Structure formats: structure tokens, C-alpha cells
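This report refers to the structure that appears directly beneath it.
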Amino acid sequence: MKNLCMLAGALALCGGATAETIDIATPHTSLVLDATKGQELKQLYYGDRLTAADLANIADAGGAQNTAYPVFGTTCMGETALAVRHSDGNLSLQMEVTGIDKKTEGKATVTTVRMKDKAYPLYVNIHYKTYSDADVIETWTEISHEEKGTVTLNQFASGHLSIRRGTVWLSSLYGAWGNEGQVAQEPLKPGMKVIKNKDGVRNSHTAHAEVMFSLDGRPAENTGAVIGAALCYSGNYKLRIDTDESDYHHFFAGMNEENSAYNLRKGEVFATPALAITYSQEGLSGASRNFHKWGREYRLMHGNQERMILLNSWEGVYLDVNQEGMAQMMHDIASMGGELFVMDDGWFGSKYKRSQDNAALGDWTVDTDKLPKGIEGLLSEAKKNGVKFGIWIEPEMTNTKSELYEKHPEWIVNAPKRELSTGRGGTQLVLDMGNPEVQDFVFGVVDNLMTKYPEIAYIKWDANMSVQSPGTTYLTKDNQSHLYINFHRGLESTCQRIRAKYPDLVIQACASGGGRANWGVLPYFDEFWVSDNTDALQRVYMQWGTSYFFPAIAMASHISAAPNHQTHRSVSLKYRIDVAMSGRLGMEIQPKNMTEEEKDMCRKAIAEYKQIRPVVQFGDIYRLVSPYDKLGLASLMYVSEAKDKAVFYWWKTETFVNQHLPRVKMAGLNPAKTYRVHEINRIDNSPLRFEGKAFTGAFLMENGLEIPYTHNVDGNKQNDYASRVLYLEEVK
């Protein structure tokens with residue numbers, strides 16, 4: 001019998017089924033699966049790309065033989081990716097591989113493993129999408145059935161990954177409004193770790209649907225093996241890490257199934273959102289570089305187009321919008337070299353005026369008392385000043401004080417037989433995006449604006465409320481649990497319609513600040529607002545964490561006033577500029593309150609940012625010293641793909657007498673190349689000693705440059721904030 005089981009060499013199984021090993025490969029990584037027909041799908045390996053010789057013997061290497069997509073069924077002691085109730089009430093599943101398909105889509109290859117339950121006509125297709133020039137794998141599932149009645153999906157993860165136990169650390173993001181993107185790092189211990197969101201509308205204020213696993217102990221930025229995972233979804237999610245009695249951590253990611261059981265009709269296909277995974281031997285920053293490159297190329301709207309430098313009116317005037325004020329701000333940003341002006345909240349309302357935040361959402365008509373010349377007058381003013389024009393909307397929301405709510409009270413999200421649960425201003429309500437009529441309305445908000453004012457170049461799309469009382473008049477009483485899922489299906493469908501008609505429009509995802517920093521919405525949005533908190537010092541921490549998964553080109557980062565409107569901290573203008581220049585540079589300020597010296601400083605900074613913009617927005621990130629390490633500073637750099645240019649950032653995060661800060665070594669440069677150093681945004685009375693000097697990449701990466709702790713400025717300009725931006729160019 002033993003000899004009969006040794007069929008077709010090393011990859012043979014008893015029972016006559018020949019094992020089929022699949023290498024889901026990117027340029028530098030491999031995810032290896034055992035997809036033997038008639039058996040469970042198994043994960044054998046995930047890591048550096050395998051050679052043909054190693055791939056041939058990977059099943060005998062003594063590594064993982066874990067189920068690739070665990071289901072609740074005949075063995076149900078552990079966590080599962082899929083759990084259902086069949087039409088006859090049976091809760092069990094037993095899936096077997098029935099086939100493998102592969103197709104090419106441009107630079108991508110999609111491998112599909114088809115599975116079927118052994119006793120029921122229930123099907124699961126697991127898809128794996130790889131790209132020829134990106135080290136990210138996207139995986140998702142499609143679930144369907146041909147049973148006589150409805151099958152209820154009680155759990156439906158997008159993917160599962162087994163990670164070998166050892167000294168594995170988890171890096172994740174947490175926070176709250178005004179404090180988004182905070183970094184948490186911890187060793188994985190026995191038991192369950194759960195990261196989840198149940199907001200209903202926004203999903204990245206309090207936690208993120210992205211994590212990193214450092215496989216070699218405490219996380220390091222540029223060394224060590226790291227697995228990164230990002231769920232590409234805009235709605236409620238749940239990430240689970242089960243460290244059981246086995247040798248593996250079991251990672252599951254997908255939609256949050258709580259209060260979201262899905263009744264699947266015969267012939268209907270339920271598709272889960274993609275889970276993007278990556279592997280790098282170059283630490284956290286290496287995994288980030290993989291995500292950033294994949295994101296810019298394949299996931300982010302207009303990911304390969306430079307972003308405009310803008311002034312947003314919000315912190316300048318808040319709701320006090322008027323024709324003269326907007327014209328003045330346009331003139332000011334144009335005079336400083338900006339390229340776009342965005343009019344924020346407060347421009348609309350007829351019967352109900354948007355003078356406070358408690359009225360008029362949904363009534364997207366111009367308030368002619370505030371803007372007697374209308375949007376046409378503003379567009380004319382923008383053209384006269386040589387800048388583009390943008391506008392704020394919040395199309396998924398309404399107020400009880402609105403003509404929209406009076407006309408369509410049935411469009412809102414609220415549980416039947418319950419009093420209205422309201423948000424901002426005591427009157428805000430969420431529209432039911434799962435309702436096709438609402439989708440048509442939201443599409444129409446954008447379509448009407450763009451049809452009437454085709455010169456609008458930018459839309460800031462806000463979402464300032466969560467689902468507080470889940471219920472919908474659109475869904476039948478037995479399908480109320482579909483609310484959360486249908487909301488985000490409707491949102492995505494609406495965004496797809498908008499992009500089909502307006503592919504060139506720039507749209508920002510704002511959601512009470514950083515509530516929509518996720519790869520689920522970014523295929524339709526160009527960027528997101530990192531946080532409503534514009535304090536430069538706190539932004540160092542927030543943007544650091546956000547950069548784990550999202551590139552600088554997607555992170556809106558603005559120069560704001562001092563004292564800051566959220567923290568009331570007074571940070572030097574130099575420091576505020578230097579922090580904002582590490583993302584998509586903009587301004588969130590009233591220019592008429594600035595001195596001429598401050599305007600001139602911003603004018604020079606904007607000009608210099610245009611010089612470094614390609615490197616910052618398209619370069620590879622190397623995080624050098626983390627502010628979370630409490631060493632008194634933070635430092636990172638961006639390096640061009642050709643390694644001929646780089647931008648180095650250094651921010652002091654605290655100030656003490658006689659303090660000692662580490663000397664920062666650079667990274668990502670070509671050791672054989674020589675780079676000339678130039679300081680950006682210089683305020684010192686005399687240049688740095690290394691200004692204009694040239695150093696090899698090897699020297700800069702092995703030694704770094706000594707950065708002064710303070711600025712050499714006149715006594716009346718001294719303050720406790722110091723920062724530096726250095727531009728490195730290859731000496732040809």
C-alpha cells in the first residue's frame with residue numbers, strides 16, 4: 001500500500017488523487033498552495049519567491065499544511081473563514097477543490113481555485129490576483145449555491161493566512177477623531193486578537209483594516225521579514241488573529257459579520273472585498289514600499305498624476321462663506337504659487353440656510369445671499385487668478401432641517417419604531433446608500449454640479465456621521481441584516497457611475513477627518529484627509545502611522561494657523577511647512593491673517609515643493625527614526641526609483657536643555673552614487689556646513705549627516721521647534 005501511494009514522484013497522495021501545487025507568484029514573493037482535486041485547499045508557504053527546485057520539494061519541507069480557507073463543518077474547534085446555514089438548516093461545510101482556472105488581465109494574472117461542498121451544491125471560488133511589477137497579492141472569494149431555498153452566510157472572510165509562530169510582533173493602527181493613525185506594536189501571545197469596526201459609514205478613525213506582522217521579533221523599519229495585510233473595504237470589518245495550541249497564528253480578514261448575516265438566494269453570487277497581502281525582507285518600510293507602489297499603480301485614482309497644491313477655506317472661515325472672502329482667498333493662494341482653491345462647507349441652502357452645521361444637507365443649491373454671483377462668479381475669479389476651483393459636498397447625509405428630508409423621510413437610515421437618532425448639530429441623518437433611489441440622488445449631486453459647472457476641478461466629499469440606528473425601509477423585514485453590506489455596495493456602485501462619467505475629476509475622501517483612509521474607496525478617490533487635526537507635531541505621529549499602508553500622494557497634509565485650532569499649540573511656520581511637505585502639500589489657513597513675511601515663506605516653500613514633488617509623491621519611502629521610539633526626533637526620506645534624487649525629513653519632537661539626539665543614518669540610496677545636499681525651506685542666517693557638499697550614498701547610509709538641534713536665527717525668532725528638509729541630487 002505504501003508503494004501504491006507514491007504516485008508521480010514526491011507530489012502524490014493516497015486515493016489516486018495527484019497533488020497539484022500552485023505558485024501564486026509576484027516578482028519577489030511566492031504563495032504556494034496545495035490544490036489537489038477532491039481535497040481541502042492547503043497553504044504550504046508564503047515568503048520570498050521560490051526557485052523551481054525548492055518549489056518541487058516545498059511540500060516535504062516540513063512547513064505549513066494548514067487549510068487555506070477554513071470552514072465551519074466537520075472539524076470546528078478553531079476559527080473559520082466561512083460559516084453558513086444551508087436551506088435545510090444544516091450548519092456544516094466540507095469543501096473540496098474541483099478545479100483551477102487562470103486568466104490574464106493586462107499586467108495581472110488571476111488564479112481561481114474552485115471548491116464545492118461534498119454534500120451540497122454550494123460553491124466557493126477563491127481568487128488570487130498578482131501583478132507582473134508589484135509584490136502584492138489580492139485575494140477574495142465568491143460564494144454561490146444551487147440549493148432549493150436560501151442559504152444564510154454567517155461568516156464570510158475575504159482570506160486567511162497561517163503565520164508560523166516564533167517571535168512574531170503585530171503592528172496596527174488605532175486612534176480616534178483628531179488622533180488617527182496611531183501606531184500600536186505588540187508581540188502576539190496565545191489567545192485571540194481582534195481588530196474591528198462597526199461604524200457603518202467610516203472605518204478608519206478608531207482602528208484600521210491593515211496590519212503588519214514582523215516575523216523576526218520587535219519591528220524594525222528597514223530590516224527583518226514582514227508580512228503586510230490590507231483589507232480593501234470601506235465598511236465594517238473584522239480582523240482576527242487566533243494563536244491556538246498549534247505552531248501557527250491564524251489570521252482572518254473580512255467584512256464584520258456581526259448583525260450582518262446575509263441571506264443568499266439561489267444563483268446569487270456573494271463577493272467579498274479583496275485582501276491585499278505582501279511580504280518583504282526589508283522591514284516595515286519594505287512592506288510599505290510594496291503597498292505604495294501597488295497602490296499608486298493599480299488601486300489609487302490617478303495614482304501616477306502629480307497632485308495640486310491647494311488652499312482649503314475651512315479653517316480660514318469655517319461656515320462664514322461669502323463671495324468677497326472666497327475671491328480674496330483665491331487671490332492669496334495664487335500669489336503664493338498655489339494651484340487650486342477649495343471652498344468648503346457653508347455655500348448652499350435655500351429654504352434652510354447652511355449658516356450652522358445643523359441644516360441644509362441634501363439641498364445642494366447655492367445660497368445666493370452668501371454668493372450673489374453664484375458658483376459662476378467663483379469660477380470666473382479662479383480663472384482670473386490662474387487657479388483651479390474645488391467645492392465641498394456631503395452627499396450621503398441630510399438634516400432634519402432640509403427640503404430633502406421633508407420630501408424623502410423614507411430615505412434615511414433609522415430603525416423602525418424608534419425615534420430619530422441624529423448626529424452633528426443635533427439634526428444630521430445618514431441616507432440609505434443601499435437604496436437605488438438614494439444612489440441616483442447621490443450620483444445626481446455630483447452630476448448636477450459638474451453638468452452646470454464643468455470647470456470644477458476638485459470635490460471634497462465628506463461623511464460626518466456613523467450609522468447609529470440601523471434600519472431601512474428599502475430592505476424587507478427578513479433582510480434588515482443586509483443594511484451595512486448594501487450601504488457600501490451602493491456607495492461603490494455610485495462611485496463607479498461617477499468615475500465612468502467624470503474620470504478626470506479629482507475627489508478627496510474626507511470623513512470627519514481620517515475616517516475613510518482605506519483601499520476600498522481609493523480606486524474612486526485621489527486622496528484622503530488624514531485628520532481634522534492639523535497640528536504639525538501631532539501630524540508627525542499620525543502621518544507616520546498612516547504611511548505604513550498609504551503613499552504620500554494620497555495623504556492630504558496642510559499648513560495651518562498658530563495657535564492651532566484643535567490643540568491650541570503654537571508651532572513655528574517652518575515646522576508646519578516641513579511636516580505638510582512630507583505629504584500632499586496644501587494650506588488650511590486664512591491668508592489675510594498672515595504677515596507678508598509668512599506669505600513670502602510659504603511662497604518659497606511652495607516653489608521648492610514643486611521641485612521635490614515628484615520624489616515625494618512617487619518615490620520609495622524609508623522611515624528612519626520613529627517618533628514612537630521617543631528618541632526626541634522623527635525622520636524619514638523618499639528616494640526616486642532611479643535613486644538619483646531623494647528628500648530627507650528631520651523633525652525634533654521634544655526640546656530639553658543639553659539633550660542628546662541620535663545621528664540619523666539615511667537609507668535607500670545607491671552606495672556607489674554621489675549626492676549633493678541642498679536644504680529646503682532654509683530659515684537660518686547661515687547655511688548648514690554641508691550645504692552644497694557632495695557625499696557618497698555609502699557614507700550617507702553608514703554615517704548620516706549631523707543635524708543641528710536648533711536654528712541659527714535672530715533671537716526674536718527663536719522657538720522650541722526645529723526641523724530640516726534636505727534635497728539630495730546625484731552628481732553626474
Side-chain angles (χ1 to χ4, degrees), residues 26 28-29 31 46-48 134-139 158-175 180-189 193-197 203-204 207-233 237-243 248-254 274-295 299 517-519 541-551 554-555 620-629 636 667:
T26 72
H28 301 101
T29 72
L31 172 64
Y46 182 49
D48 283 326
D135 283 310
V136 168
I137 299 170
E138 299 173 24
T139 181
S158 295
H160 160 258
L161 202 62
S162 292
I163 301 170
R164 183 63 164 84
R165 286 174 68 168
T167 53
V168 179
W169 280 60
L170 173 71
S171 295
S172 61
L173 303 182
Y174 70 97
E180 295 93 333
Q182 300 296 301
V183 176
Q185 295 178 327
E186 58 190 307
L188 284 179
K189 299 289 183 66
K193 171 73 176 180
V194 177
I195 299 171
K196 63 182 179 180
N197 174 271
N203 72 3
S204 55
H208 268 250
E210 305 94 26
V211 292
M212 289 191 187
F213 300 93
S214 296
L215 309 184
D216 302 320
R218 187 178 293 274
E221 280 294 350
N222 295 295
T223 58
V226 171
I227 292 173
L231 185 68
C232 305
Y233 189 52
Y237 61 81
K238 182 180 286 186
L239 312 182
R240 293 169 287 148
I241 305 163
D242 182 22
T243 303
Y248 292 88
H249 307 285
H250 303 283
F251 171 64
F252 300 83
L275 172 65
I277 60 173
T278 191
Y279 176 85
S280 174
Q281 288 277 10
E282 298 179 348
L284 299 172
S285 288
S288 295
R289 291 191 288 276
N290 289 349
F291 278 128
H292 294 182
K293 183 176 181 180
W294 158 80
R299 202 79 193 177
N518 64 67
W519 286 113
Y541 291 82
M542 293 189 288
Q543 292 177 192
W544 186 276
T546 304
S547 77
Y548 273 28
F549 304 97
F550 303 99
M555 294 196 293
D620 291 325
I621 193 171
Y622 291 83
R623 290 183 297 269
L624 306 173
V625 178
S626 171
Y628 294 92
D629 289 342
L636 58 81

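Here the structure is a predicted model, which is why all the values come from computation and not from measurement.
Summarising the geometry of Asn518 relative to Glu210, their closest heavy-atom pair is CA-OE2, 4.2 Å, with the distance given to 0.1 Å. Taking every heavy atom of both residues into account, Arg623 and Ser288 meet most closely at NH2-OG, 2.8 Å.
A 4.5 Å side-chain heavy-atom check between Trp169 and Leu188 finds every atom pair outside the cut-off. Between Ser214 and Leu284, the closest side-chain pair of non-hydrogen atoms falls below 4.5 Å. Residues Leu173 and Val183 meet the side-chain proximity criterion, which asks for heavy atoms closer than 4.5 Å. Side-chain contact between Leu239 and Tyr237: present, with at least one pair of heavy atoms (C-beta onward) separated by less than 4.5 Å. The closest side-chain heavy-atom distance from Asn222 to Arg289 is below 4.5 Å. Side-chain contact between His249 and Ser162 is absent, with no heavy-atom pair separated by less than 4.5 Å. By the 4.5 Å heavy-atom criterion applied to side chains, Phe252 and Leu161 are not counted as neighbours. Annotation: side chain of Thr223 is not in contact with side chain of Glu282 (no heavy-atom distance under 4.5 Å).
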### Task
Determine, step by step, whether Gln185 and Leu170 satisfy the side-chain contact (heavy atoms from CB on, under 4.5 Å) criterion, reporting the C-alpha distance in whole Å, the side-chain angles of both residues, the deciding distance to 0.1 Å, and the verdict.
CA-CA 6 Å; Gln185 295 178 327; Leu170 173 71; over 6 Å; no
### Task
Go through the steps to decide whether Thr26 and Thr29 satisfy the test side chain to side chain donor-acceptor pair (under 3.5 Å), and finish with yes or no.
CA-CA 5 Å; Thr26 72; Thr29 72; 2.6 Å; yes
### Query
Going through the checks in order, is the side-chain contact (heavy atoms from CB on, under 4.5 Å) test met by Ser158 and Leu231?
CA-CA 8 Å; Ser158 295; Leu231 185 68; 3.6 Å; yes
### Query
Checking side-chain contact (heavy atoms from CB on, under 4.5 Å) for the pair Val226/Glu221: CA distance, chi angles, key distance, verdict?
CA-CA 10 Å; Val226 171; Glu221 280 294 350; over 6 Å; no
### Pair Trp294-Glu138, side chain to side chain donor-acceptor pair (under 3.5 Å): steps then yes or no
CA-CA 10 Å; Trp294 158 80; Glu138 299 173 24; 2.9 Å; yes
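Under a 3.5 Å cut-off, the side chain of Arg299 and the backbone N or O of Trp519 do form a donor-acceptor pair. Listed for the Asn203 side chain is a donor-acceptor partner under 3.5 Å among the backbone atoms of Tyr233. Looking only at distances, a side-chain donor or acceptor of Asp135 sits under 3.5 Å from a matching main-chain atom of His28. Of the possible polar contacts, one joining the Ser204 side chain to the Ala517 backbone as a donor-acceptor pair under 3.5 Å is found. A donor-acceptor contact shorter than 3.5 Å is absent between the side chain of Thr278 and the backbone of Ala287.
Ala225 meets the side-chain contact (heavy atoms from CB on, under 4.5 Å) test with Leu215, Asp216, Tyr279, Gln281; sequence neighbours excluded. Scanning for side-chain contact (heavy atoms from CB on, under 4.5 Å) contacts around Ala229 gives Val211, Phe251, Leu275, Ile277, with sequence neighbours left out. Remark: Lys193 engages Glu186 in a salt bridge (charged side-chain N to carboxylate O under 4.0 Å, His left out) (not counting sequence neighbours).
Taking CH2 of Trp544 as the start and CD of Gln182 as the end, the distance is 13.0 Å to the nearest 0.5 Å. Interatomic distance, Arg218 CZ to Thr167 OG1, rounded to the nearest 0.5 Å: 11.0 Å. Atom OH of Tyr548 is separated from atom OG of Ser172 by 9.5 Å, given to the nearest 0.5 angstrom. For the atom pair CD1 of Ile195 and CZ of Arg240, the computed distance is 12.5 Å after rounding to the nearest 0.5 Å. Taking CG from Leu624 and OG from Ser285, the interatomic distance works out to 7.5 Å, rounded to the nearest 0.5 Å. Distance check, rounded to the nearest 0.5 Å: CG of Leu636 to OG of Ser547 gives 6.5 Å.
A tilted orientation is assigned to the rings of Phe291 and Phe549, their planes being inclined by 30° to 60°.
Cation-pi check for Arg164 over Tyr46 is not met; the charged atom does not lie both under 6.0 angstrom from the ring centroid and within 45 degrees of its normal.
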